[in-house]
Amino acid sequence: MTAPRIGVLALQGDVREHAHALERSGTRALRVRREAELRGIQGIVLPGGESTVIDKLLRAFGLFEPLRAALRAGLPAYGSCAGMILLADRLADAAAGQQTLGGLDVTVRRNAFGRQVDSFEQDIRYAAWPAPVHAVFIRAPWVEQAGHDVEVLASVEREGTAYPVAVRQGALLATSFHPEVTGDLRVHEQFVEMVRERG
Ligand code: GLN
C-alpha cells in the first residue's frame, strides 16, 4: 500500500510537529502554502497556532477560497486547536472580521478555558479507546454546541458541564488539544484511517 500524501497547512503554527507525527503514522507529509499544493493531497492537517493570524494569511496567500472549496468537495481534514476553530461553522468570541473555512456543524468558543488558565494538561477518555489520552491544551477552544451529525469523541468537564474537545463529522476531525506534542499517535492514526477509508 502506498503512503497517503497528507498536506499540512504551513502558514503559521506548529507545522513541523504535525508533519513529524504524520510521517510517523506512515504517510508522506507535504507543506501547503499555495493553491497548487492542494492538488495531489488526500487529506490536510490544519495545525494549532493563532486562528486570527491563519485566517488573514489564508486570504493573503489566496488559499482561503480554494481550501474551502476542497473541503466542501470532501477533502478529509484534521484541525487541532486553531485548526478546530478554522473548521467550525460558527464561532463564539470571534475577533472582529474573523472568518472560518467551516464544514463542521459546531459552535466553537475560542480561549474557552479562560485567559488566566493559558495552558494545562489533562488525561481525557475516548469512549472508543481503552487507554486515556494525555491532552495538552494551549489557550484552547471547546465545542459549545454541536449539530446532530457531529460525533463527540471526547469531552472535558467544567462546573458540571461536559464540553466536547474531540469531534468528528464525516471526513472532518477536530481536537481542542495538541496530540502532536505528546508522541501519542492515536489521533493522527485515526485521521490517516479516515483518509484511507475515503481513498
Ligand atoms: N487561542 C488560539 C486561537 O484563537 C488557539 C490556540 C492554539 O491553537 N494553541 O487561535
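Whatever order the structure lists them in is the order used to number ligands and atoms, beginning at 1. Numbers here are sequence positions counted from 1.
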Of all the non-hydrogen atoms in the protein, which one sits nearest to [atom], and at what distance?
atom                    : value
atom 10 (O) of ligand 1 : S51 N, 2.4 Å
atom 5 (C) of ligand 1  : G49 O, 3.4 Å
atom 4 (O) of ligand 1  : R110 NE, 2.9 Å

Atoms of ligand 1 close to [X] [distance to a heavy atom under 4.0 angstrom, numbered from 1]:
X    : answer
C81  : 5 (C), 6 (C), 7 (C), 8 (O), 9 (N)
G48  : 8 (O)
H178 : 7 (C), 9 (N)
N111 : 1 (N)
I85  : 3 (C), 4 (O), 10 (O)
E50  : 2 (C), 3 (C), 4 (O), 10 (O)

Is it possible for you to check whether R139 lies under 6.0 Å from the centre of the six-membered ring of F120, through NZ or CZ, and within 45° of that ring's axis?
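Judged by the rule (NZ or CZ under 6.0 Å from the ring centre, within 45° of its axis), R139 is not positioned above F120.
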
Gap separating the [atom1] atom of [X] from the [atom2] atom of [Y], nearest 0.5 angstrom:
X    : Y    : atom1 : atom2 : result
L30  : L38  : CG    : CG    : 11.0 Å
T107 : W142 : OG1   : CH2   : 13.5 Å
S25  : E193 : OG    : CD    : 11.5 Å
I138 : S176 : CD1   : OG    : 12.0 Å

Give the intermediate values and the outcome of side chain to side chain contact (heavy atoms under 4.5 Å, CB included) for residues D118 and F113.
CA-CA 8 Å; D118 248 13; F113 293 93; over 6 Å; no

Distance-only N or O hit between ligand 1 and A82, under 3.5 Å
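By distance alone, the answer is yes.
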
Does atom CZ of R72 have more than 12 heavy-atom neighbours, drawn from other residues, nucleotides or ligands, at distances under 6.0 Å?
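Yes, CZ of R72 has more than 12 neighbouring heavy atoms, counting only those of other groups under 6.0 Å.
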
